[in-house]
Amino acid sequence: MSSTQQVLAAGPSTLNRPRRRSWHPHLPGVELTWAIAFIVPYAAVLVAFAIYPLAYGLWMASSPSLYLTLFASDEYRDAVVSTMLYVGIGVNTSLFFALLLSGFFMRRSRWVKAMLVVSMLPWALPAQTGFISFHWMLVYWGFLNSVLEKLFGIYGPDWLSHYWLALGANLVASTWKTMPFWTLILLAGRMAIPQDLYEAADIDGATGFRRFVHLVVPLLANLYLVCTLLSAIWMIGDFNTVDLVSGGAPGSTDVLATLGVEYLFDHGKPELGVAAVMAALPVIVALGILLIRRLQTREVQL
Amino acid sequence: MSVAPAWGRTSSLRRHRRRRRVSDAGAVVLAVVLLIWWLLPVYNMMLIALDPEGNTEFTGDIWPTAPTLEAFRGVVFQRYWYLQDFWHQFGNSFFIGIMTMALTVLISSLAGFALGRMRLGKGG
């Protein structure tokens, strides 16, 4: 914006008054004071509840010997592998099915709109209740095996005592919980696509699958990526799901968040617990930077 | 205006209708699968909550054989020692929820507005 435009935008009063010197290129002195007053509460919360705990954690986990102990221990290496599997598979499954499902909710029938309300139930219910229900459903004498026996006459395995089944149970529970939210976000993205683009695609003969691939996917790509990054950050810090569904059973489905808490309370080694979680910090910071950069792009967007 | 051959038009219309019917049927099947997926854990919660002894879910029954609201009564009238402060705890939840909502909206909208006016994102 040129300086003439700026003066015009600020209104006629600034033309008559002598301009006061400002510390900020866009805001005159008084407004800058207000701006700072508005930012102070936010900054205070940030310092008290984000920067201070983080700095305290880094100080607690500053000894290099902690990391040597960690990297040498089998449980930590298992937790890193489990976290990578849990986050890598979980985020992509949840987001991909949410993308497909958002297409289902674009249908115009009234009953589909009613289904949207029901679909919010897993997301709206308290996480602990849902995950405890999953846990009790999957134990050997649980609901799932009862259903399998009643309907098909087979008795299922002990779902939580085998590594891949327990990891799968965590993933299913996490997808159950998070997918409705991402479906809603991607549905909002789809609804923001102008109707005339659909009509243009219709005239060009693109229907169904081809419309999805050549119209919806390119337009939603940026939003999808932002959701993926955000979901990955949330899932790395996810403690509830793994703690309540598999509980770390059968000994190696612990992720970093649950392993950290285990070190803290069960083993009485708080430094080691903090170090286990802090070791994931570089990944989280990288994801955060990517996320902010993505949010600023102005190319294809909605 | 050119007249399209009648057979071409009806067949394309019929194909369109058939495709529509298949898609509607697919939507219904998908809806049933989705309802099971969303509601199964909720159904299991209900099974546990309606059970008098606290073990229906582990005896192989897949529906409440002797449903009772005893557990709900126990909660509402604070009958068990670990539930004796239920309504107080309920109030705590509401208080925390409403305060969190109000403070989050207040603090972040103030900061968001100020940062927007300062135009930090556009190179100051």
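Letters go in sequence order (proteins before strands), and every chain restarts at 1.
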Exam field: side chain Trp176(A) to backbone Trp37(B), donor-acceptor pair closer than 3.5 Å: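 Present.
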
Side-chain donor or acceptor of Ser133(A) paired with backbone N/O of Pro41(B) under 3.5 Å: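 Judged by distance alone, yes, a pair lies under 3.5 Å.
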
Identify which part of [X] has an atom lying under 4.5 Å from any heavy atom of chain B, answering side chain, backbone, both or neither.
X         : answer
Leu125(A) : side chain
Trp34(A)  : neither
Leu101(A) : side chain
Val172(A) : both
Pro41(A)  : both
Tyr155(A) : neither
Thr129(A) : both

When you compare the side chain of [Y] with that of [X], does any pair of heavy atoms fall below 4.5 Å?
X        : Y         : result
Phe38(A) : Ile107(B) : no
Ile48(B) : Phe143(A) : no
Leu35(B) : Met115(A) : yes
Tyr42(A) : Leu110(B) : no

Other residues, nucleotides, ligands: >12 heavy atoms within 6.0 Å of Arg17(B) CZ: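 No, because the 6.0 Å sphere around CZ of Arg17(B) holds 12 heavy atoms or fewer from other groups.
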
More than 12 heavy atoms from other groups under 6.0 Å of CH2 on Trp111(A):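 Result for CH2/Trp111(A): enclosed.
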
Roughly how far, to the nearest 0.5 Å, is the [atom2] atom of [Y] from the [atom1] atom of [X]?
X         : Y        : atom1 : atom2 : value
Arg107(A) : Asp24(B) : CZ    : CG    : 5.0 Å
Leu121(A) : Leu39(B) : CG    : CG    : 6.5 Å
Trp136(A) : Asn44(B) : CH2   : CG    : 9.0 Å
Met137(A) : Tyr43(B) : CE    : OH    : 12.0 Å

Per-residue contact mode, Leu103(B) against chain A (heavy atom under 4.5 angstrom):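 It is neither, since no heavy atom gets under 4.5 Å.
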
Segment of Ser109(B) engaging chain A (4.5 angstrom heavy-atom cut-off):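 No part of it gets close to chain A.
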
For Ala114(B) against Ile39(A), the heavy-atom pair lying closest together: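 In this case the closest contact between Ala114(B) and Ile39(A) is CB-CG1, 3.7 Å.
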
